Each structure stands twice: as C-alpha cells, then as structure tokens.
Amino acid sequence: MSALSEDDRQPAGNRPDPAGDERLLAGNGPDPVGEGPHLVTIGESLARLEGPAVGPLRHARTLDLGVAGAESNVAIGFRRLGGGAAWAGRVGDDEFGRLIQMTLAGQGVDVGRVIVDPVAPTALLIKERRTGRLTRVQYYRSGSAGSRLSPQDVPEDLIRRARVLHVTGITAALSDDAHAAVHAAVDTARAAGVPVSLDLNFRRALWTPAEAGARLRPLVMRSDVVFATEVEARLVTGGADASALAAGLAALGPREAIVKRGVLGAVACCDGDLYDEPAVPVETVDPVGAGDAFAAAYLAERVLGRPIPERLSAGASAGAFAVTVQGDWEGLPSREDLILMRATDDVVR
Ligand code: KDG
C-alpha cells in the first residue's frame, strides 16, 4: 500500500502534484513557491554543549556549541532530502535563541513562525559521550521559552497546506500549554486532512512512564504515522516482541506504526502488513539523533508516495548516517548520500 492511496483520502489541496514531487526529488532547491513547506513541525529546540571527545565531561577543557531538538532535527533531515520544512517554536531573546534561528535558517528550514519570548531563556542541553555508543544528556530547560509554547503559537495556515505535520512526545511533556499546543496542531492537521506523524520520543527526565503513557496514548490514536522504540511502544500498548508492539500501536489507530530497534533495524505494521527492515551496519560515534534521521527520511519518501519498503530503507540509511557523526543532526544525509550508503564497495568521489 503506498502513500498515493493514502492521499486519496485527503482533500485535493493536500494531494501530491507531480511538479512538486520533481522539486522534492531535486533536493536542496528553494521551497516550492506558494505551496508552503511539505513538512511542518513544532517543538522546542535547545542550545547544545558537548565535549569534543569521548569521556567524562569534567575533563573536557572546551565545549562545542551547537543546536539540538528532535523536531528541528527532523526538519533539517527532511530538508536535506529535498523537501520544504518549517519549524515553529519559542526561543529566548538571547544568543542561544539567535543561534537556533540562524542554524535552522542556514540549513534551509523555514523559521518565519519562530516566536522570540521576551521573558524566558532558550533551553540548554549538555551531552556527554561516555563511550561511542553511550551518550548521557542533561537538560536545563525548566521554565524555558520553548516550554511556554501554547496553542496560539501553532502556525495553522502552514499546517493546513502541508503534506505532513510532525510532532513528538518531548513537546507534549514540557508543560500543559505545550501539550495543548501539540493537540492544537494535530486538530488543525486532522481538520485539513493533513497526515499527522508522531514520534513518541519518551524522555525520562521530563516525565514518568505512567504520565507519558496517559498523555501519549491519545496522541497515538490521533496520528497516521507513529515512530517508537520498543520501550516507548510499551508505554501505550503491549506485545511480546517488536512486531507485536508495532501491531499494537497500529491497533490504536495509525495506519503506519514503526518500531525502531537500533542495531536490529526496525519493524513496521502498515495497513495490517508487517515489514522487517535490517539496520545498516556502521561504526557508531554518537547515537543521538538516529530516530529523528529515520523519521525524516521515512516521511520524505512517504510524501513522494514511495512504497513502505522504500520508506523503511531510507529511514535505516539515514539513521546509519546520523550515528556516524558527532552531533544530533550534522550527519544527516542528502539524497546522493542515501544512495552511497547502500554501495557495496568503498566509494571515492
Ligand atoms: O532525538 C534527539 C533529541 O533528543 C535531541 O536533539 C534533543 O530534543 C532533544 C531532547 O529533548 O532530548
């Protein structure tokens, strides 16, 4: 079952048009004039500080400054694959807020709907790569500008014209207002026939499993595409293994439920059919951002109407690229990169 038949359910304004798809495939071109971004996402982005090398942070003499944020990572990943993407959120009236806007704009993401909060600061995330495969994260985000996101901040007009709305459980965990903003964005998308994509993205530092389960389950029920790890899937459904969990998620409503399994790949339950996608073996430098990379590539292929196996394959390749590079989004692939990942010989270009 392809997204083309999915799109048959949508109002005419949201159906793919061949010219738009050409522009998407061309990659890195300007956003389609007058169409608005294909993907709209809303959430909190943070300034990111991390040591330059693997090891305890207390021994780092310097810290690298960058940008983090699950939703903005997806926007960048989708943009690198050629789609137009917009990120909406709140940042503080400070240097970190300006860094976030500048970085996303530099990656071609539409930041025209970002709100600069005059009172609250931009949030901060500190990353410690303890080993190549284990990263510890600490937040300084309580009371941040991003956590003050509210339903009034939702860019309804952009969402109505989009091909997909992407939201995550992180934003739903930040505050009651931010949770309401996620639902308001979903309301707008559903009313306009725009597919809703949800990554559960459970963060232990933000809420308990019970709280997360209670708030994420209704969001799953209102989504068309859901991404989760096995642990996250168990917050809202049951199942003996990843396939059963994917089926359990799909039984809550989404037509496409994807359970990501790290080095074991991913399984998906889409319109009742099960799919198994192996991971692409690579050397992991920093695992953070792999899930966002997967979602970005899956959604980029979905918007193009590609069949499920191609969406999953692109997601696995993008996830592999993400973990080979330090940083949450810096390693995200272009279309050309995606093809190279599947090359069987060493490639020099
Ligand atoms: O998925 C990666 C994100 O987790 C990271 O970029 C930062 O949004 C973030 C968070 O809250 O952990």
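Everything quoted here is computed from the prediction, not taken from an experiment. Counting convention: from 1, in listed order, for ligands and their atoms alike.
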- Message: Taking salt bridge (Lys or Arg N to Asp or Glu O under 4.0 Å) as the criterion, tell me which of Asp153, Asp176, Asp117 meets it with Arg148.
- Response: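 Output: one option passes, namely Asp117.
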
Show me which atoms of ligand 1 lie under 4.0 Å from any heavy atom of [X].
X	answer
Leu125	7 (C)
Ala68	6 (O), 7 (C)
Asn73	2 (C), 6 (O)
Ile170	8 (O), 10 (C), 11 (O)

- Message: Below a 4.0 angstrom heavy-atom separation, can you tell me which part of Arg141, side chain or backbone, both or neither, approaches ligand 1?
- Response: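 Answer for Arg141: side chain.
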
- Flag the pair Arg203 and Glu44 as a salt bridge only when some basic side-chain nitrogen lies within less than 4.0 angstrom of an acidic carboxylate oxygen.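 No.
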
- Query: In terms of side-chain geometry, is the basic nitrogen of Asp271 or Arg255 positioned less than 4.0 Å from the acidic oxygen of its partner?
  - Reply: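 Salt bridge present between Asp271 and Arg255.
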
- Message: Using the side chain to side chain contact (heavy atoms under 4.5 Å, CB included) criterion, which residues pair with Thr62? Sequence neighbours excluded.
- Response: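 For Thr62 the side chain to side chain contact (heavy atoms under 4.5 Å, CB included) partners, ignoring immediate neighbours, are Pro52.
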
Mark the output for [X] as yes if a heavy-atom distance to ligand 1 is under 4.0 Å, and as no if none is.
X	result
Val288	yes
Gly291	no
Glu44	no

Note the single closest protein heavy atom to [atom], along with its residue, its atom name and the distance in Å.
atom	answer
atom 4 (O) of ligand 1	Arg203 NH2, 2.7 Å
atom 5 (C) of ligand 1	Asp328 OD2, 3.2 Å
atom 10 (C) of ligand 1	Tyr139 OH, 3.2 Å
atom 8 (O) of ligand 1	Ala70 N, 2.9 Å
atom 2 (C) of ligand 1	Asp292 OD2, 3.1 Å

Polar contact flag for [X] and ligand 1 (N/O pairs, less than 3.5 Å):
X	answer
Leu46	no
Asn201	no
Gly289	no

Work out which heavy atom in [X] is nearest to a heavy atom in [Y]; give both atom names and the distance.
X	Y	result
Ala214	Pro218	O-CD, 3.1 Å
Ala172	His179	O-CB, 3.4 Å
Ser45	Trp87	OG-CZ2, 3.2 Å
Leu57	Lys127	CD1-O, 3.7 Å
Ile159	Ala185	CD1-CB, 3.9 Å

- Name all residues meeting the ring pair (Phe, Tyr, Trp, His ring centres under 6.0 Å) criterion together with Tyr298; count only those two or more places apart in sequence or in a different chain, and write none if there are none.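 Tyr298 satisfies ring pair (Phe, Tyr, Trp, His ring centres under 6.0 Å) with Phe227 only.
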
